[in-house]
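Here you go, one structure.
Please read all numbers here as calculations on a predicted model, not as lab measurements. The basis for the numbers below is simple: all heavy atoms, side chains too, and nothing from hydrogens, waters or symmetry mates. As the structure lists them, so they are numbered: ligands from 1, and atoms in each ligand from 1.
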Amino acid sequence: MALVVQKYGGSSVGDARSVKRVAKRIAEAKRAGNDVVVVVSAMGDTTDELLDLAQQITPLPPQRELDILLTAGERISMSLLAMAITNLGVKAKSYTGQQAGLITDAVHGRARIVDVVPHRIRETLNKGQVAIVAGFQGVTQATNDVTTLGRGGSDTTAVALAAGLGADVCEIYTDVDGVFTADPRIVPAARKIEQVSYEEMLELAACGAKVLALRSVEYARRYGVPVHVRSSFSAHDGTRVVAAEKKENAMEAPIISGVAHDRSESKITVIGVPDVPGMAARIFEVVAGAGANIDMIVQNVSAAATGLTDISFTLPDGDGPATMAALTAVQGELGFDSLQFDDQIGKLSLVGAGMKSHPGVSARLFGALRDAGINIEMISTSEIRISVVTRADSLDDAVRAVHTAFELDGVDGEAVVYAGTGR
Ligand code: ASP
Ligand code: MG
């Protein structure tokens with residue numbers, strides 16, 4: 001008998017029929033003798049619809065109220081799911097994040113879990129019942145206010161509960177069969193990855209792979225939670241996310257795990273910056289002051305004749321306007337020529353622990369992009385990742401070219417997208 005935490009994403013519970021279908025799966029897991037805790041997302045695109053609704057009321061809703069509004073989505077799906085399971089003759093009870101003991105800090109909209117005290121969940125399991133928990137939400141200790149964990153945060157709820165309860169596995173049910181070597185929506189020949197290390201999954205999630213929320217992977221690594229990403233639409237085995245040393249056949253592991261892509265960043269270029277000590281420090285103090293989370297940075301050598309240089313960096317689309325305004329405000333003080341804003345960029349990232357010990361990976365990546373006629377605008381690397389920025393409209397071609405160049409293509413048709421929009 002095992003303790004299993006299962007998380008079902010929005011596309012797995014898109015309508016009443018899907019809720020009933022998922023309920024059957026849960027009842028089966030329970031009848032097979034497991035203790036089952038279920039974390040559920042809001043149905044379909046409910047969260048986006050609630051956000052749209054708030055926008056129609058006011059362009060800048062108070063964060064506290066927005067959080068209360070958004071948690072409603074998960075409360076709808078949790079109660080419906082509990083009803084559906086009960087209907088199948090298995091006892092089930094639903095709990096909000098607050099009732100389930102998910103304590104967070106007070107940063108509305110992207111709160112961090114600081115403690116998990118799942119007394120009521122344990123009681124429910126002890127009574128032989130299934131516990132359903134609303135994902136993506138918690139409560140602050142200090143003020144008892146409801147918080148949300150940021151988009152995709154139900155994954156983090158599931159992993160945190162799995163850690164807090166000492167579960168044997170955290171199963172993340174989604175609309176594809178696991179983690180793929182590229183987004184199957186772009187590369188139909190993408191292959192399912194059997195096993196991936198926490199470190200590789202962190203890079204993939206940080207670089208745009210939406211199959212798991214980044215924070216959930218950080219949490220899983222910190223507490224050593226075994227994660228199994230799989231489809232709620234099939235019975236196939238999915239992808240196991242495990243510690244690097246626990247990967248089977250580590251010796252024969254492929255050099256490259258996968259290709260991630262991200263369309264959600266923009267590029268700002270500060271043109272004609274005086275090339276003197278302290279300039280980069282000032283520029284990025286201003287950028288940080290605007291609350292921007294920067295990613296890549298490139299500074300060119302200054303032209304000898306002018307003593308001026310250009311500095312480019314990437315940041316999330318949403319941070320663009322505030323950052324441009326903050327930099328414009330200090331143009332006189334810093335003495336640069338002008339600013340350029342470009343939201344038509346795309347980022348491709350090649351991830352694999354094997355690149356540490358295999359030379360030639362970058363050359364092959366750049367060669368694949370050259371052969372596809374794609375220009376590289378920026379490059380950055382980590383120990384197990386190479387990222388390049390391209391034009392947004394050539395990103396899909398770039399992903400396919402690189403996927404083929406690293407011999408990641410599998411049999412066409414293996415990568416089934418069962419539902420959802422990949423948001
Ligand atoms: N419903 C939330 C969202 O759409 C949380 C989640 O699905 O994980 O981001
Ligand atoms: Mg998700």
Side-chain angles (χ1 to χ4, degrees), residues 5-15 18-19 22 37-55 61 63 65-81 94-98 100 102 104 107-113 116 132-139 146-163 170-176 179 201 204-206 208-220 225 227-233 241 262-264 316-318 418-423:
V5 174
Q6 301 188 332
K7 179 256 169 179
Y8 291 90
S11 55
S12 296
V13 291
D15 51 24
S18 310
V19 171
V22 162
V37 176
V38 176
V39 173
V40 70
S41 289
M43 295 169 75
D45 294 329
T46 303
T47 307
D48 290 307
E49 286 158 15
L50 291 172
L51 278 170
D52 285 349
L53 206 51
Q55 281 296 314
Q63 286 290 329
E65 305 311 320
L66 194 60
D67 267 359
I68 294 180
L69 176 71
L70 293 187
T71 58
E74 269 71 10
R75 293 175 188 222
I76 293 172
S77 47
M78 75 174 197
S79 46
L80 292 175
L81 193 52
S94 65
Y95 300 95
T96 65
Q98 176 168 17
L102 283 133
T104 73
V107 185
H108 285 291
R110 50 190 169 91
R112 273 183 188 274
I113 296 170
V116 182
I132 316 286
V133 178
F136 164 67
Q137 54 185 272
V139 66
V146 168
T147 52
T148 63
L149 309 180
R151 297 309 302 268
S154 297
D155 294 345
T156 315
T157 305
V159 171
L161 271 173
C170 181
E171 297 182 329
I172 306 283
Y173 283 91
T174 180
D175 50 19
V176 287
V179 182
M201 196 61 232
L204 288 169
K210 293 187 186 62
V211 65
L212 276 180
L214 178 60
R215 277 192 184 170
S216 75
V217 188
E218 289 171 348
Y219 209 103
V225 178
V227 175
H228 185 185
V229 183
R230 57 192 307 191
S231 169
S232 70
F233 298 84
V241 189
D262 192 351
R263 244 179 267 280
S264 69
D317 286 336
Y418 297 97
T421 55
R423 276 206 279 210

query = Is any side-chain heavy atom of Gln98 less than 4.5 Å from a side-chain heavy atom of Thr71?
reply = no

query = So, for Ala111 and Arg215, which heavy atoms are closest and what is the spacing to 0.1 Å?
reply = O-NH1, 3.1 Å

ask   = Taking N or O atoms only and a 3.5 Å limit, does Lys7 qualify as a polar contact for ligand 1?
value = no

request  = Measure the shortest side-chain to side-chain distance between Asp48 and Arg151 over non-hydrogen atoms and say whether it is less than 4.5 angstrom.
outcome  = yes

inquiry  = Please list, in number order, the atoms of ligand 1 under 4.0 Å from a heavy atom of Ser41.
reply    = 6 (C), 7 (O), 8 (O)

query = Which ligand 1 atoms are under 4.0 Å away from a heavy-atom of Arg151?
reply = 3 (C), 4 (O), 9 (O)

ask   = Are Thr96 and Arg75 side-chain neighbours, meaning at least one heavy-atom pair lies under 4.5 Å?
value = yes

task = Using distance alone, determine whether Ser154 and ligand 1 share an N or O pair under 3.5 Å.
result = yes

inquiry  = Do Asp67 and Thr147 pair up side chain to side chain, a donor and an acceptor below 3.5 Å, judged on atom types alone?
reply    = no

task = Provide the number and element of each atom of ligand 1 under 4.0 Å from a heavy atom of Gly152.
result = 3 (C), 5 (C), 6 (C), 8 (O), 9 (O)

inquiry  = With a cutoff of 4.0 Å, is Gly153 in contact with ligand 1, counting heavy atoms of the residue only?
reply    = yes

